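Presented below is the structure to which this report refers.
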Amino acid sequence: TPTSGAVAPATVAQLVHISPSEAVLQSMYESAGRLNLGPEVVDLLRTSWREVRAQLPVRMDDRKLRIFEGYRVQHNGARGPYKGGVRFHPLADLDEVRALAMLMTYKCALMELPFGGAKGGVDCAPHELSAAELERVARTWLAKTEIVLGPERDIPAPDVGSGPQTMGWMMDEWGRMNGYAPAIVTGKPMVLHGSAGRAEATGRGVALALNDASHRAGVDPVGARVVIQGFGNVGSWAAILSAEALGCRIVGVANVDGAIHGPDGIDPRALKGLLEEGGRIGQMPGATEIEPDELFTLDCEVFVPAALGGVLTAERAERLPCRLVVEGANGPTTPEADRILARRGVLVVPDVLASAGGVIVSYLEWVQNLQHLQWEEADINGRLTMTMGSALHAVLNRADSRGLTMREAAYEIAIRRVIAAAAARGHLDASDIPG
Ligand code: NAD
C-alpha cells in the first residue's frame with residue numbers, strides 16, 4: 001500500500017491476480033495521488049469502520065445443521081447511516097464484501113445521498129436451498145448482524161442472490177427483535193412499504209447512463225447493438241428499458257446457465273418471461289446459443305456487464321468490440337482492463353455512477369418509510385433521472401476539465417465529499433480537503 005511504501009499497487013496488479021478489494025483500492029490510491037491526500041487520509045479510506053463476520057448456524061429441511069458464514073462491512077459513515085446490499089453467493093467472502101462496501105461509500109457520495117457505504121454477504125448458493133431454508137438463512141443473517149444495524153444506523157438492501165422476499169423476511173426478523181420499522185431495509189415488496197420503481201431502478205439507471213454517455217462515445221442509442229452479461233434484477237431491466245425506452249437492439253445476453261446471440265434483436269421482455277416460467281436461456285426463440293466466452297467478442301456498440309465482478313479482464317478488454325461499456329455490475333472491470341479500454345478509446349461509465357439507480361431509489365424508499373408516505377412511480381422516476389443526470393454532468397465536467405477517465409473523475413468527486421464530511425465532524429482537518 002502507499003502508506004507502507006513497499007510495492008506500488010499497479011505493480012502488484014500486473015504480477016498477481018487482483019482481489020476485489022485491491023481493485024477498488026487501486027482506484028482510490030490513484031485518486032489519492034492526484035489529489036495529494038496525506039497518508040492518514042488514505043489510511044482512513046483504506047480501512048473499514050467495522051467488519052462483522054458471523055457464524056450462521058441454519059437447520060436444513062433434512063434437520064441437518066449447516067454453518068454458513070455471514071458478513072456486514074461498514075466502510076465509511078462520515079456522510080450518514082451505512083447503506084448497502086446483502087449478497088447471497090457461494091463465493092461471497094470478506095474481501096469481496098469489503099470491496100463492495102467501499103464502492104457503496106463512493107456511490108452514495110457521488111449521488112449526494114446522505115449515506116455511508118456498507119455491504120453484507122452470506123456464502124450460500126440460494127438456488128440450491130428451499131424457500132424455507134433461504135428464509136432461515138436470511139433471518140439468521142439479520143439476527144447475527146442486528147447489533148450493528150438500524151433504520152438510522154445501517155440499512156441493508158438486495159444484491160446478487162437476494163431480492164424483495166429476502167428483505168421482507170429481514171424486516172420481519174428485525175421487527176420481532178426491535179419492533180416494527182419498515183425503514184430497516186429497502187428493496188422490500190410493495191405490500192411491505194417497498195417503493196414504486198425500486199425493482200427496475202438499477203436497470204433504469206443503467207439505461208439513463210447509456211443514453212447520456214452514448215453521444216460522447218459516438219453511438220446513436222436508437223438501433224445501437226447492446227450485449228448484456230447477467231439477466232437478473234439489473235440486467236433484465238437494463239435490457240428492457242434500453243430496448244423499449246431508447247430503441248436499442250439487444251443482440252447478446254448471458255446468465256449463469258449460458259449465453260445467446262440474436263443479431264436481429266432479442267426481445268428482453270419475452271426472455272424475462274421465459275426465465276420466470278423456468279425456461280433456460282438457450283431455449284429463447286430467435287437466438288442461437290453460444291459459448292459464454294463468445295459474449296465478449298460479439299459485434300456491438302455497447303457492452304453492459306450486469307453479473308459479477310472482475311469479468312472484464314485484460315485479455316477480454318483487448319478484444320471487446322464495443323465503443324461504450326456501462327457498468328451495471330459492481331466492480332466488473334479489472335484495473336488493467338480499465339487502462340486497456342481507455343487506451344483503445346472505449347468509454348467506460350463506471351459502476352459508482354452507472355449502477356447507482358438502485359441506491360437512489362432505496363434512499364427514496366427509506367425517506368417514504370420514515371415519513372409513512374407512498375409516492376407515485378412518476379415522482380420516483382423523475383427524482384432518479386435528476387439525481388443520475390446531475391452526477392453524470394459533474395463527472396463529465398471534471399473528466400473534461402482535468403483530462404481524466406469517467407472513473408477517475410467519479411472517484412475524485414466522491415472522495416472529496418467523504419473527506420469534507422469527515423473534516424466537518426472533526427475527524428480530519430479542513431486542510432485535508434482536496435481542491
Ligand atoms: P441477480 O442475482 O438478480 O442477477 C445476477 C445475474 O447474473 C443472473 O442472471 C445470473 O444468472 C447472472 N450470472 C451469475 N454468474 C454469471 C456468470 N458467471 N456468467 C454470466 N452471468 C452470470 O443480481 P443483480 O441484483 O441483478 O446484481 C447484478 C450485479 O449488479 C451485481 O454486481 C450487483 O452487485 C450489481 N448491483 C445490483 C444492484 C441491485 O439493486 N440489485 C444495484 C447496484 C449494483
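Treat the numbers as computed from the prediction; the structure is a model and nothing was measured. Read the numbers this way: they start at 1 and go in the same order the structure lists the ligands and their atoms. Along the sequence shown, residues are numbered consecutively beginning with 1.
Geometrically, R316 engages F296 in a cation-pi contact, judged by NZ or CZ lying under 6.0 Å from the ring centre and within 45° of the ring axis.
The distance criterion of under 3.5 Å between nitrogen or oxygen atoms is met by V234 with respect to ligand 1. Polar contact with ligand 1: present for D159 (N/O pair, distance under 3.5 Å). Annotation: G161 places an N or O atom under 3.5 Å from an N or O atom of ligand 1; distance criterion only. For ligand 1, one of its N or O atoms has an N or O atom of R87 under 3.5 Å away.
Looking from atom 8 (C) of ligand 1 to the surrounding protein, the closest heavy atom is G232 N, 3.8 Å. Atom 43 (C) of ligand 1 has as its closest protein heavy atom S355 O, 3.3 Å. From the protein, the heavy atom lying nearest to atom 23 (O) of ligand 1 is V160 CA, 3.4 Å. Protein heavy atom nearest atom 39 (C) of ligand 1, with residue, atom name and distance: T202 OG1, 3.5 Å. In terms of protein heavy-atom proximity, atom 41 (N) of ligand 1 is nearest to N233 OD1, 3.6 Å. Here the protein heavy atom with the shortest distance to atom 21 (N) of ligand 1 is N255 C, 3.2 Å. Of the protein's heavy atoms, A307 O, 3.0 Å lies nearest to atom 31 (C) of ligand 1.
Of the possible polar contacts, one joining the W141 side chain to the Y71 backbone as a donor-acceptor pair under 3.5 Å is found. Distance alone, capped at 3.5 Å, is enough to place a donor-acceptor pair between the S19 side chain and the E22 backbone. For the pair Q229 (side chain) and P305 (backbone), a donor-acceptor distance under 3.5 Å is absent.
We find the CD-CG distance between E315 and D293 to be 7.0 Å, quoted to the nearest 0.5 Å.
Two residues are said to be in side-chain contact when any heavy atoms from C-beta on lie closer than 4.5 Å; T105 and R79 fail this criterion.
With atom 9 (O) of ligand 1 as the reference point, the heavy atom nearest to it among W237, F231, F88 is part of F231. Nearest to atom 14 (C) of ligand 1 by heavy-atom distance, out of V359, D351, V256, L275, is V256.
The ligand atoms of ligand 1 that sit less than 4.0 angstrom from a heavy atom of R198 are 40 (O). Atoms of ligand 1 found under 4.0 Å from any heavy atom of Q229 (numbered from 1 in listed order, with element): 19 (N), 20 (C).
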**Report entry** ring-ring contact (aromatic ring centres under 6.0 Å, His included) between W366 and F115, worked out
**Finding:** CA-CA 11 Å; W366 181 73; F115 288 135; 4.9 Å; yes
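Remark: H127 NE2 is loosely packed, at most 12 non-hydrogen atoms of other residues, nucleotides or ligands lying under 6.0 Å away. The number of heavy atoms from other shown groups lying within 6.0 Å of CD1 (I147) does not exceed 12. Residue W49 qualifies as open at atom CH2: its count of foreign heavy atoms under 6.0 Å is 12 or below.
Ring-plane geometry between H75 and Y106 is classed as perpendicular, the angle between the planes exceeding 60 degrees on a 0 to 90 degree scale with a lower cut at 30.
By the criterion of a heavy-atom distance under 4.0 Å, neither the backbone nor the side chain of E327 is placed next to ligand 1. Proximity of A306 to ligand 1, defined as any heavy-atom pair under 4.0 Å, is confined to the backbone N, CA, C and O atoms. Residue contacts with ligand 1 for N330 involve both N, CA, C or O and side-chain atoms from C-beta outward (heavy atoms, distance under 4.0 Å).
Atom 26 (O) of ligand 1 is approached by the protein to below 4.0 angstrom, counting heavy atoms only.
The distance between the ring centers of Y180 and W174 does not fall below 6.0 angstrom.
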